[in-house]
Amino acid sequence: MDALTGLLDDAAALLDGAIALRRDLHAHPELGLELPRTQRAIVAALETLGLQISLGSALSSVTAILDTGRPGPTVLLRADMDALPMDEDTELDFKSTIAGTMHACGHDTHVAMLVQAAHLLVARKHELDGIVVFMFQPGEEGHGGAAIMLEEGILEAAGAIDLAFAIHATPSIPSGAIATRGGTIMASSDEFVIDVIGRGGHASTPFQALDPIPIACEIVLASQSMVTRSINAFDPAVVTVAEVKAGTTSNVIPETARLHGTIRAVSARTRGQVHANLERVATGVAHAHGATVEFNLRLGYPVTVNDATVATWCRAIARDLLGARMSFEMPAPVMGAEDFSYVLEKVPGALVFLGMCPTHLQPHEAPPNHSNRMLLEESAMANGIALYAGVALAKSAEAKMATLEPLE
Ligand code: NI
């Protein structure tokens, strides 16, 4: 595609800038919805570009708009900004300087790539029609920052969005490669708390009490039978009880026992089924023993669903930019979750993974996303910069082709 000619070389020329910004953010990670330093760094890095910049109210987001002044598509490009609450255990000379905070999911690279993609697109503004919206989003790690940016009007900031696109870095894919799929790419993530309520007593005389602990244990096992017996194996779900709490000592039967865990699903239908089935199983098992449960569900991110046509189109752009061996279809979704799902519920688009496996490691042995030892191959950011920009340029070129009169 002509729109992509020379793009990878131009992106490679911006790599040093991306690495410098990435290392600065990596050394100074911030958590949650308020990332003032990160926000300042983004605004400063975009300063010379003449974009329309606005900042979030309920979170420290940055929305930057490149308006060519010519009619054409509106493309949204997104980078999340936040780090994770954990110590970093790498030997990097730009490792985190903030105790208990680490960029262990690569969001520092997302910001660095999108900033440079903005530079690249401004340099090619004469080739571009329409509008590009750059969405820099805090609070991806469980805070739902994307949903808050939607409430604050990101999708209406520059007219209707025709296409939304995001890149996520991972060391579990060979460096520089792009992987995505049509349909579900990431799971939903919900949290449950089940309190089994019995009656306390002396541990020597359980018949005078109502012991919640064996009931809670039955619920843990029954929840696994529920998944394998009632959920379609081709539309899978995971129920994990990750925390069990009950009792204080050896000779007291406690009044209550608590089960705390997560539900992952790859379709909205199965997600709803698991919610209903888990509550029914927990309640039923407890009732069978004369106990009751309090069932609490905290809804997390919905299933991340790529538009099938857009995902295929993005893979084709990656193939044209990077070569056929660097662009592949994922055979299955991953069970992690993403709040870009809220954007993809509203507008067609796709999330892709960018391989950033360090060159001295194999993808299967590289410490994965969220590891305290995660390392990323920074040179792969050139591919990410090119792809962010390439998606906007290709969408613009495609729209231009569509407006040409067909030959009679
Ligand atoms: Ni992430």
Side-chain angles (χ1 to χ4, degrees), residues 18 21-22 25-26 28-33 35 38 42 59-62 76-88 90 96 101-115 134-149 164-173 175 177-181 184-189 191 262 264 266 300-306 330 333-344 349-358 363 366-378 380-381 383-384 387-388:
L21 177 57
R22 186 260 165 157
L25 298 176
H26 193 89
H28 304 94
E30 295 177 299
L31 298 175
L33 297 170
L35 320 173
T38 308
I42 292 167
L59 74 179
S60 56
S61 58
V62 179
L76 179 146
L77 305 176
R78 176 268 206 167
D80 44 7
M81 297 159 57
D82 56 324
L84 283 157
M86 56 192 285
D87 283 323
E88 176 164 357
T90 70
S96 173
T101 310
M102 175 185 178
H103 266 297
C105 201
H107 300 185
D108 47 350
T109 66
H110 304 169
V111 170
M113 289 189 287
L114 190 55
V115 160
F134 300 93
M135 174 184 182
F136 293 94
Q137 179 220 306
E140 194 286 320
E141 298 290 355
H143 304 273
I148 300 173
M149 287 190 76
F165 177 72
I167 293 179
H168 203 299
T170 172
S172 304
I173 293 176
S175 180
I178 294 293
T180 191
R181 70 194 308 276
T184 297
I185 185 164
M186 296 184 79
S188 58
S189 169
E191 186 179 343
T262 188
R264 306 295 169 112
V266 294
Y301 298 159
V303 180
T304 303
V305 183
N306 281 345
M330 292 162 60
V334 296
M335 279 294 179
E338 241 297 338
D339 70 352
F340 193 58
S341 50
Y342 293 114
V343 176
L344 294 181
L351 173 109
V352 306
F353 289 101
L354 168 63
M356 294 186 79
C357 181
N369 289 75
H370 292 209
S371 162
N372 54 327
R373 300 184 191 282
M374 191 190 68
L375 302 172
L376 293 174
E377 175 56 42
E378 292 175 319
M381 286 196 289
N383 293 11
L387 188 58
Y388 267 131

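For ligands, and for the atoms within them, numbers begin at 1 and follow the listed sequence.
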Exercise. Under 4.5 Å between any side-chain heavy atoms of Glu88 and Thr101, yes or no?
Worked result: no
For this session: Tell me yes or no: between the side chains of Gln137 and Ser61, is some donor less than 3.5 Å from an acceptor?
Result: no
Exercise. Does a side-chain heavy-atom distance below 4.5 Å link Glu140 with Met81?
Worked result: no
For this session: Could you label the plane-to-plane angle of the His107 and His168 rings as parallel, tilted or perpendicular, counting under 30° as parallel and over 60° as perpendicular?
Result: perpendicular
Exercise. So does His110 have any N/O/S atom less than 2.8 Å away from the Ni ion (ligand 1)?
Worked result: no
For this session: Tell me which N, O or S atom of His168 sits nearest to the Ni ion (ligand 1).
Result: NE2
Exercise. If the Ni ion (ligand 1) is the vertex, what is the angle to NE2 of His107 and SG of Cys105, rounded to 10 degrees?
Worked result: 100°
